[in-house]
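A note on names: the letters A, B, ... follow the listed sequences, proteins ahead of strands, and every chain is numbered from 1. Side chains included, hydrogens not; waters and symmetry mates left out as well; all remaining heavy atoms used. Model, not experiment: these values are computed from the prediction.
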Protein chains: 2
Amino acid sequence: MATIKDVAARAGVGLGTASRVLNGSTQTSPSSRERVLAAAAELGYVAHGPARALRRTRTDALGLLVSDIRNPFFSELAHAAEQEARAHGYAVLLANANEDERQADDVLRTFASQRIDGLMLSPQGPATPQLASLVERDVPIVLLNRRIEGVDLPFFGTDNEQGVGLVLDHLQRRGHRDVAYVGGTPTMSTGVERARAYLGGRAAHGISTDDALVEAGDFQTEGAAAAMLRILDRGVHPSAVFGANGATTVGVLRALRERLGADAAAAIEVVSFDDFDWFAYASPAITAVRNDASAIGRAAVQGVLALLRGEPAESVRVATTLVDRSGH
Amino acid sequence: MATIKDVAARAGVGLGTASRVLNGSTQTSPSSRERVLAAAAELGYVAHGPARALRRTRTDALGLLVSDIRNPFFSELAHAAEQEARAHGYAVLLANANEDERQADDVLRTFASQRIDGLMLSPQGPATPQLASLVERDVPIVLLNRRIEGVDLPFFGTDNEQGVGLVLDHLQRRGHRDVAYVGGTPTMSTGVERARAYLGGRAAHGISTDDALVEAGDFQTEGAAAAMLRILDRGVHPSAVFGANGATTVGVLRALRERLGADAAAAIEVVSFDDFDWFAYASPAITAVRNDASAIGRAAVQGVLALLRGEPAESVRVATTLVDRSGH
DNA sequence: CTGTTAGCGCTTTCAT
DNA sequence: ATGAAAGCGCTAACAG
């Protein structure tokens, strides 16, 4: 593998000059510039990243740790973040916590060893040891979509309150009174925010505040289905159901069909926080709050980059939109 | 940031000893071993990856370049690959080509500069310059799901022929004669293989070989919808449609509804190569070939690792299964 | 404008 | 079993 030394030799210049040219540095004579570039091209020279990193004490790499890359929200966010980072000359190391705290800590250790310049992460729960040590080392860090107790870091995520507001307005417009709510994990900031906004807003939107209509799930399909079944078993007859996230809504769908049959289930309007493209193909089609994962990803990158420059990074709550499919 | 020098000093041993202990190396006295480990823990020492890489000329990192991380097939594959790699002590650098050759080449350059030990990629098209240079450098490389013209590299992907066979059997069992086929890009090995298997197998399965029922899409939703419309515009009346991949099937669904209305569309059985979980919630539910992205991801990692050990890597065609949802 | 040199943090001989 | 020393490829500081 050609090194910068080879390039310098072939171009007939000193090591320093070669380095300067290759880094687009300030003053270099056009002649040597040309020859270095030519030599590099001929040799197929690619700078040795680790060596640069060692010397410069920065890697131009950002770590992105998501809860689950298979979750469309995160895969879209990751994609957008990568594009944004690349546009700014940064590479993104993408890793997956698999909704598991241990794996998350593992990844964080790897990131730390790679000496990433900054980190974006969607936390699994409370602060882990590795995270604490990264914070201590003053690595620029931003949080994605979920907050962490007792850790004050810039936050980039969905505007849950605004999104729930959209749903409340929609339900009211459609004239629903008996609306079931299948929520998320109460230990997750996302779950708490959505629940509070919804429960608190019911009365003002003409929605029943009967607690028999409300159950907490776990943001997973299984748990949500179970929660929905518990609600139905109470003998209530909701005309609509609001699922607190995408997976929850899928669980709701499953439970409704299982308990009521496809036809009766189809008579109940289902509204979701989080939109999946295929909701348009469900029957009846599902109305959903679409949160802009791309915008969050881009904003998060800009946030770490600001931190990297020593500027403060302001938290961002990205507004959602309602995809109304209730007209079939 | 604590360096190994700090650790050695604090443990009262030489640099070499510290390094040996930290690498779980052979012969080190229990006493120094203990003290080094203690010192490292107290200092929160994390080895400097780039420095190690520089010295050892390996990074213990594998590159994974997928066509589009938002495609569930790839996000699941990526997830499985990461798990498998981690189990073998390797980190995965995951990057996204965004179905764009230029971006792919960009990523490859970054990978090259990072000096990844091995590469797994799903090619966008023909070999790019950067890929050629990686091949030349003898970096272990395996291909995911798509082949490249003129490049002979171990391949890990779906068994398209077997999968299409499952569909043909299913269609025959259901008694379909007039089956429309919306295919993929003819320039992509995946598209070619599926088309060949399907078109060639029709006669033997009692399916009409009328070419008016066949159109090529582009493996994207838009293109597939257009292709489906072209077929319908010919005045044919298929009783079933086979979509050559997941996105294609979504396009098919959209086109059918748009042109025939929801009710008439629901009378046509749609079968898909690639399964999405929500196909169970479409109406009618969609029968699909499920290809095992996780198995492919794991096999691919094992392939590069074999190459890394100097062993040959045998290509793997992972068998698919049919998820039959035709009974509603 | 350019060549030389030091040294980033680490692993790995080479002597003990 | 361990300390000393060399050097991986690169950038930046220092002389010219």
Student: Pick the nucleotide of DNA chain D nearest each of B/Arg115 and B/Ser32; which residue has the one closer to the 5' end?
Tutor: B/Ser32

Student: B/Ile4 and B/Tyr45: which non-hydrogen atoms are nearest, and at how many Å?
Tutor: N-CE1, 3.4 Å

Student: How close do B/Asn291 and B/Phe73 get, counting heavy atoms only, and between which atoms?
Tutor: OD1-CD1, 3.5 Å

Student: Could you report the tightest heavy-atom contact between A/Gly157 and A/Asn145, atom names first, then the distance?
Tutor: CA-OD1, 3.3 Å

Student: Could you encode protein contacts along nucleotides 11-16 of chain D as a string, one character per nucleotide from 5' to 3', using B for base contact, S for sugar-phosphate-only contact and - for no contact, with a heavy-atom cut-off of under 4.0 Å?
Tutor: BBB---

Student: Distance-only check: which donor-acceptor pairs under 3.5 Å involve side-chain atoms of residues 117-125 of chain A, not counting sequence neighbours?
Tutor:
{"residue": "A/Asp117", "atom": "OD1", "partner": "A/Thr59", "partner atom": "N", "Å": "3.0"}
{"residue": "A/Asp117", "atom": "OD1", "partner": "A/Thr59", "partner atom": "OG1", "Å": "3.3"}
{"residue": "A/Asp117", "atom": "OD2", "partner": "A/Thr59", "partner atom": "N", "Å": "3.3"}
{"residue": "A/Asp117", "atom": "OD2", "partner": "A/Asp60", "partner atom": "N", "Å": "2.6"}
{"residue": "A/Ser122", "atom": "OG", "partner": "A/Ser67", "partner atom": "N", "Å": "2.9"}
{"residue": "A/Ser122", "atom": "OG", "partner": "A/Ser67", "partner atom": "OG", "Å": "2.8"}
{"residue": "A/Gln124", "atom": "NE2", "partner": "A/Ser122", "partner atom": "O", "Å": "2.9"}

Student: Can you give the first and last nucleotides of DNA chain C, 5' to 3', that have an atom under 4.0 Å from a heavy atom of chain B?
Tutor: C/dG9 to C/dT13

Student: Please identify each residue that fulfils salt bridge (Lys or Arg N to Asp or Glu O under 4.0 Å) with A/Arg70, with sequence neighbours left out.
Tutor: A/Asp68

Student: Please table the atom pairs, donor to acceptor, closer than 3.5 Å between any side-chain atom in residues 7-23 of chain B and protein atoms at least two apart or in another chain.
Tutor:
{"residue": "B/Arg10", "atom": "NH1", "partner": "B/Glu42", "partner atom": "OE1", "Å": "2.1"}
{"residue": "B/Ser19", "atom": "OG", "partner": "B/Asn23", "partner atom": "ND2", "Å": "3.3"}
{"residue": "B/Asn23", "atom": "OD1", "partner": "B/Arg52", "partner atom": "NH2", "Å": "2.8"}
{"residue": "B/Asn23", "atom": "ND2", "partner": "B/Ser19", "partner atom": "O", "Å": "2.7"}

Student: What pairs meet the salt bridge (charged side-chain N to carboxylate O under 4.0 Å, His left out) rule with one or both residues in residues 133-150 of chain A, with sequence neighbours excluded?
Tutor: A/Glu99-A/Arg146

Student: With distance as the sole test, does A/Thr3 use its side chain to make a donor-acceptor pair with the main-chain N or O of A/Lys5 at under 3.5 Å?
Tutor: yes

